[in-house]
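The residues of the chain are indexed from 1 along the displayed sequence.
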Amino acid sequence: MRLAAWEFADRPEAVVPPVRAGDDGHGGILLLHGLMGRAAHWAEAARWLSTRYRTVALDQRGHGRSEKPVGGPYDLDAYVADAEAVVEQLGLAPVTLIGHAMGALTAWRLAARRPDLVRALVICDMRASALGAATQRRWGEWFKSWPVPFATLADVRRWFGQEDPTLERPAPARGDFYAEVMAERADGWRPLFFRRQMLVAREAYAHDAHWEELALVECPTLVVRGLDGELGRAEAQEMVRVLPRGRYAEVADAGHFLHYDQPGAWRRVAEPFLRDAVPV
């Protein structure tokens, strides 16, 4: 399995660059996107993270520029094993894992499985409870509704940001998010992933709850939700209660894609936690 990992770093302005966490064996940061995402979605966050920490973002299997094997597997164990391999092969341990949605679930399962590798954890808008079979059916119907191929990137932004029938109100940032996971083909713009593989990946975690793994996470953990996201306040606060060293934060005016939708507000809640949990 070939995985694409992107290391973000600013050019040193001085002859001797500043020491960052991860440069001297004290661990780095691994950014894990959610279902249908890609490493580039973390670019805004990585710009400031990389000034203090060695920062790597992963295109997970089936996504971005990583391989998309027809036969998979696309289960949770495969995603966790990939993240574990990246941490070990790139020398990021003890790593700080920052995950969004499915990437957050991958992150906390790795933290529960390998506490020796993980120093801190940030969970962005991912539920610990079962999502249910009904949601899986709705996702299948939603995928079928996509007017693929899109003639232009403007059409991508318009459909996902305004015309998608699942939207309650216009969401321009959502349109931008999906525009970043499209590639131009001979007949128009198509997703970088295969929708059937995304359904298989979601199937692997939609039917089960994940509270037991959450309770095994020993490191400092921040649970962040967007006020208009998919993780409700009551469940987020229960996740913090279950976590041995959990903390809670929320981002106003943000939906599910909180770090992409409101990067400045997301930074204001994530940065103080990282300064405490992962001092440089």
Check this for me: does any side-chain nitrogen of one of [X] and [Y] sit under 4.0 Å from a carboxylate oxygen of the other?
X: Asp59; Y: Lys68; answer: no
X: Arg61; Y: Glu67; answer: no
X: Arg127; Y: Glu235; answer: yes
X: Arg241; Y: Glu238; answer: yes
X: Asp187; Y: Arg185; answer: no
X: Glu218; Y: Arg245; answer: no
X: Arg113; Y: Asp77; answer: yes

Heavy-atom distance under 4.5 Å between the side chains of [X] and [Y], does that happen here?
X: Val87; Y: Val118; result: no
X: Trp189; Y: Leu153; result: yes
X: Trp142; Y: Asp164; result: yes
X: Arg190; Y: Met182; result: no
X: Asp176; Y: Arg157; result: yes
X: Leu243; Y: Val223; result: yes
X: Leu105; Y: Ile123; result: no
X: Trp108; Y: Cys219; result: no

Heavy-atom closest contact ([X] atom, [Y] atom, distance):
X: Val278; Y: Ala120; value: CG2-CB, 3.9 Å
X: Ala4; Y: Leu58; value: O-CD1, 3.5 Å
X: Tyr248; Y: Ala236; value: CE1-CB, 3.6 Å
X: Cys124; Y: Trp266; value: SG-NE1, 3.4 Å
X: Tyr205; Y: Leu76; value: CB-CD1, 3.8 Å
X: Trp159; Y: Pro147; value: CE2-CD, 3.4 Å

Heavy-atom donor-acceptor pair, [X] side chain to [Y] backbone, under 3.5 Å:
X: Thr152; Y: Phe150; result: no
X: Arg119; Y: Val95; result: no
X: Gln136; Y: Leu199; result: yes
X: Tyr79; Y: Ala201; result: no
X: Thr51; Y: Leu49; result: no
X: Thr106; Y: Met102; result: yes

Measure the spacing between [atom1] of [X] and [atom2] of [Y] and express it to the nearest 0.5 Å.
X: Glu213; Y: Trp211; atom1: CD; atom2: CH2; result: 11.5 Å
X: Leu117; Y: Glu88; atom1: CG; atom2: CD; result: 5.5 Å
X: Leu121; Y: Thr96; atom1: CG; atom2: OG1; result: 9.0 Å
X: Phe8; Y: Arg54; atom1: CZ; atom2: CZ; result: 13.0 Å
X: Met126; Y: Leu35; atom1: CE; atom2: CG; result: 9.5 Å
X: Thr135; Y: Glu230; atom1: OG1; atom2: CD; result: 9.5 Å

Pairs in or reaching into residues 247-271: which pass salt bridge (Lys or Arg N to Asp or Glu O under 4.0 Å), with residues at least two apart or in two chains?
Arg52-Glu271, Arg225-Glu250, Arg233-Glu250, Arg247-Asp276, Arg267-Glu271, Glu271-Arg275
Are [X] and [Y] in one and the same hydrophobic cluster, where Ile, Leu, Val, Met, Phe, Trp and Tyr link if side-chain heavy atoms are under 4.5 Å apart?
X: Met239; Y: Leu227; answer: no
X: Leu216; Y: Leu97; answer: no
X: Met1; Y: Leu192; answer: no

Please walk me through it: do Arg195 and Val148 pass side-chain contact (heavy atoms from CB on, under 4.5 Å)?
CA-CA 11 Å; Arg195 284 170 284 175; Val148 175; 4.0 Å; yes
Worked check of side-chain contact (heavy atoms from CB on, under 4.5 Å) between Leu30 and Ile98:
CA-CA 6 Å; Leu30 179 62; Ile98 301 179; over 6 Å; no
Apply the test side-chain contact (heavy atoms from CB on, under 4.5 Å) to residues Arg109 and Val217: give CA-CA distance (whole Å), side-chain angles for both, the deciding distance (0.1 Å), then the verdict.
CA-CA 8 Å; Arg109 288 176 69 94; Val217 176; over 6 Å; no
Using only heavy-atom distances, determine whether the side chains of Arg38 and Ser66 contain a donor-acceptor pair under 3.5 Å.
no
Residue pair Gln197 / Tyr74, side-chain donor-acceptor N/O under 3.5 Å
yes
Hey, which of His259, His63, His41 is the one that makes ring-ring contact (aromatic ring centres under 6.0 Å, His included) with His33?
His63
With ring centroids as reference points, do His256 and His100 lie under 6.0 angstrom apart?
yes
Aromatic contact between Phe160 and Trp146, with the criterion being ring centroids under 6.0 Å apart: yes or no?
yes
Test the Arg174-Phe177 pair against the cation-pi criterion, namely NZ or CZ under 6.0 angstrom from the six-membered ring centroid and within 45° of the ring axis.
no
Give the intermediate values and the outcome of side-chain contact (heavy atoms from CB on, under 4.5 Å) for residues Met36 and Tyr178.
CA-CA 8 Å; Met36 299 182 291; Tyr178 282 99; 3.3 Å; yes
Does Arg65 have more than 12 heavy atoms from other residues, nucleotides or ligands lying within 6.0 Å of its CZ?
no
Before giving the answer on side-chain hydrogen bond (donor to acceptor under 3.5 Å, both in side chains), spell out for Arg138 and Thr166 the whole-Å C-alpha distance, their side-chain angles and the decisive distance to 0.1 Å.
CA-CA 10 Å; Arg138 288 196 294 271; Thr166 64; over 6 Å; no
